[in-house]
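As structure tokens, the structure follows; a few thoughts come after it.
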Amino acid sequence: MAKGLTTRKDDYSQWYLDVIAAADLAEHSAVKGCMVIKPTGYAIWEMIQGQLDRMFKETGHVNAYFPLFIPESFMHKEAEHVEGFAPECAVVTHGGGKKLEEPLFVRPTSETIIWSTYKNWIQSYRDLPILINQWANVVRWEMRTRLFLRTTEFLWQEGHTAHASAEEAEAETLKILDVYRRFAEEYMATPVYVGCKTEREKFAGAVRTYCIEAMMQDCKALQAGTSHNLGQNFARAFDVTFQDEQGKLQHVYATSWGVSTRLVGALIMTHSDDNGLVLPPRLAPLKVVLIPIWKEEAEMELMRQRARDLTASWQGRISFKIDDRDQYRPGYKFNEWEKKGVPIRIEMGPKDVAANQVVVVRRDTGEKIAMPQENLLPRLEALLDEIQQNLFQRARAFRDANTFTVDDYAEFASRIENPGGFFWVHWCGSEACENKFQESSKATIRTIPLDREKEAGACIVCGAPSAQRVLVAKSY
RNA sequence: CGGGGCGUAGCGCAGUCCGGUUAGCGCGCCUGCUUUGGGAGCAGGAGGUCCUGAGUUCGAAUCUCAGCGCCCCGACCA
């Protein structure tokens, strides 16, 4: 293997794959389009899961689990849904050596199996709301796959809620959108734009789809999470009704929302550099690695002991590791932990022990800081916070520097190709004009923003009146 | 499904055009010694259905035919 990684400048896609290999996150499996998530990569997913799970529970949700298999007839009950998903589904036709009476779809998403179940759970407004999340795997037979960003099978969470009114469902959809935004910004240190998808881009079967969109270091957009207001579509398809307080029978209102292992890909492409993975401290499974250094064998046990003494009080307070392997030299270890994205490395050799200090190295900047050994833990915790903030600010500065406001179509078409980036443009709302964006460069409307000031203008394509700008970019 | 490329050791590759000793190189791995503050050095060693099948030939990694698989570029997508 080459000593260094492919650089982002030379070949961004190859760099992405190199980072995954160097950090030992995942590899291709024997099954086409499916990946093996290795322990180091899975640990990151567990950090993501842990925090999101807390946030879901704080907002009143509970976890449950529904089957992997969905009877074919269920898939066909919601017209738009089946049209959108059927072409990319895996279907089981045989079981126990016999052909099945009815084929079973491997879930591409669980709306249908869940709403067929909710039918039995809901009779009265008193049964509502239902606020359920499930952690699961799903399968979508994609034509082209990329590790973490798009694999045939992937891990995700999907929330499926049931409500008594359209207003309540909309409030839930937006509440989760805000959970996703907070998670992206405060934990992933990834700034996102929040907004609404166009009719063309919305989820198959939804009334409205909201999303968070992030910018990767190649200036392409990545949809990092979606929250759908499903209206009464699935309740109608599965005939799920409830009696309201007036005794009137109504169809139930629904939402669904999800984020996936794609977030690991987002993390990689937001922060990592040409030396490997860079992880935001809050999602780093391992936050500190301590590398004792010795010259002679006699020093080895001494330095190991000093390392254990130094960290004795850290147990249970911070995730750390002492790398005292004797078969590798310090330089090798420095490099290895850099590739793996550990936020803080501590070097401690005989010179440091003599000076009663350690050398602390930041992964985000490479800066080396001498720190006294006394009271080290609080200093490290403060530094982790600082790294977390720095990564967020760095990512936001990058995104802002590559986001442009444009009012002329020719200028847009030229600049989306080179240098690329995010573009705020006026759009009249017609699908014809929406398709036009794609002609120039495969760019699409990523989102109709929620949190930006409205501003009247003229559609950049046709000149018709526009009430606000939308975000256009090339995407993953 | 269209266009391109590739299957040789765990990984990356050379050898294939023009058939011929025991199939080679780098990394990694194992053993030993010397090393250890930014990817160590030396010595020894282990590891191969050359993608599969059939054919041509005295002889096939190499030539022929068929098949399988994977990767990259497009259309589909979290």
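Proteins come first, then strands; the chains are lettered A, B, ... in the order of their sequence lines, and each starts at number 1.
- Among the atoms of the strands shown, base atoms are found under 4.0 Å from some heavy atom of A:E142.
- In terms of position along RNA chain B, the nucleotide closest to A:I293 lies nearer the 5' end than the nucleotide closest to the other residue of the pair A:F148 and A:I293.
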Look for any protein N or O under 3.5 Å of an N or O in nucleotides 28-30 of chain B and output each such pair with its distance, or none.
residue, atom, partner, partner atom, Å
B:C29, OP1, A:Y328, OH, 3.4

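- Here the two rings, on A:Y409 and A:F412, have centers that are under 6.0 Å apart.
- When the C1' atom is used for both B:G28 and B:A9, the distance is 11 Å, rounded to whole Å.
- Between A:K442 and B:G74 there is a side-chain polar atom (N or O) within less than 4.0 angstrom of OP1 or OP2.
- A 3.5 Å limit on both hydrogen-bonding distances identifies B:A54 as the Watson-Crick or G-U partner of B:U64.
- Less than 4.0 Å separates RNA chain B from at least one heavy atom of each of the following residues of residues 343-377 of chain A: A:R345, A:E347, A:G349, A:P350, A:K351, A:D352, A:V359, A:K368.
- Between A:R329 and B:G37 there is a side-chain N or O to OP1 or OP2 distance below 4.0 Å.
- By the 4.0 Å N-to-carboxylate-O rule, A:R208 lies close enough to A:E170 to be salt-bridged with it.
- For the side-chain contact (heavy atoms from CB on, under 4.5 Å) test, residues two or more places apart in sequence or in another chain that qualify with A:T40 are A:D24, A:L25.
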Enumerate the protein-to-nucleotides 2-8 of chain B contacts in which both atoms are nitrogen or oxygen and the separation is below 3.5 Å.
none

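- Within 6.0 Å of CH2 in A:W141 there are 12 or fewer heavy atoms belonging to other residues, nucleotides or ligands.
- Among the nucleotides B:G38, B:C71, B:U35, the one closest to the side chain of A:D326 is B:U35.
- Distance noted for atom P between B:U52 and B:U57: 22 Å (whole Å).
- Among the atoms of the strands shown, none is found under 4.0 Å from any heavy atom of A:I291.
- Look at the C1' atom in both B:G53 and B:U31: the space between them is 42 Å, to the nearest Å.
- The side chain to side chain donor-acceptor pair (under 3.5 Å) analysis of residues 68-94 of chain A, with sequence neighbours excluded, yields the pairs A:S73-A:E102.
- In terms of the side-chain contact (heavy atoms from CB on, under 4.5 Å) criterion, residue partners of A:A370 (sequence neighbours excluded) are, by chain and number, A:Q357.
- In the displayed structure, A:E297 atom CD is contacted under 6.0 Å by at most 12 heavy atoms of other residues, nucleotides or ligands.
- For A:P330, the side-chain contact (heavy atoms from CB on, under 4.5 Å) test picks out A:I293, A:F334, with sequence neighbours left out.
- Applying the side-chain contact (heavy atoms from CB on, under 4.5 Å) criterion to A:A79, with sequence neighbours excluded, gives no partner residue.
- With sequence neighbours excluded, the residues satisfying ring-ring contact (aromatic ring centres under 6.0 Å, His included) with A:W257 are A:F56, A:H61.
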Cut-off 3.5 Å, no hydrogens considered: what does the side-chain donor-acceptor table look like for residues 277-289 of chain A, sequence neighbours left out?
residue, atom, partner, partner atom, Å
A:R282, NH1, A:E186, O, 3.2
A:K287, NZ, A:P281, O, 3.0
A:K287, NZ, A:A284, O, 2.8

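- Across the strands present, B:G26 finds its partner in B:C11; the criterion is a Watson-Crick or G-U wobble pair with both atom distances under 3.5 angstrom.
- On the P atoms, B:G4 is 48 Å away from B:A43, given to the nearest whole Å.
- Across all strands, A:S29 comes closer than 4.0 Å to no nucleic acid atom at all (heavy-atom distances).
- Against RNA chain B, the stretch residues 294-312 of chain A makes heavy-atom approaches under 4.0 Å through A:W294, A:K295.
- Comparing the P positions of B:C13 and B:G19 gives an interatomic distance of 26 Å, to the nearest angstrom.
- A salt bridge (charged side-chain N to carboxylate O under 4.0 Å, His left out) check over residues 218-233 of chain A, counting only residues at least two apart or in different chains, returns nothing.
- B:G2 is paired with B:C73 under the criterion used here, namely a Watson-Crick or G-U wobble arrangement in which both key atom distances are under 3.5 Å.
- Base pairing analysis places B:A40 opposite B:U34; the two distances defining the Watson-Crick or G-U wobble pair are each below 3.5 Å.
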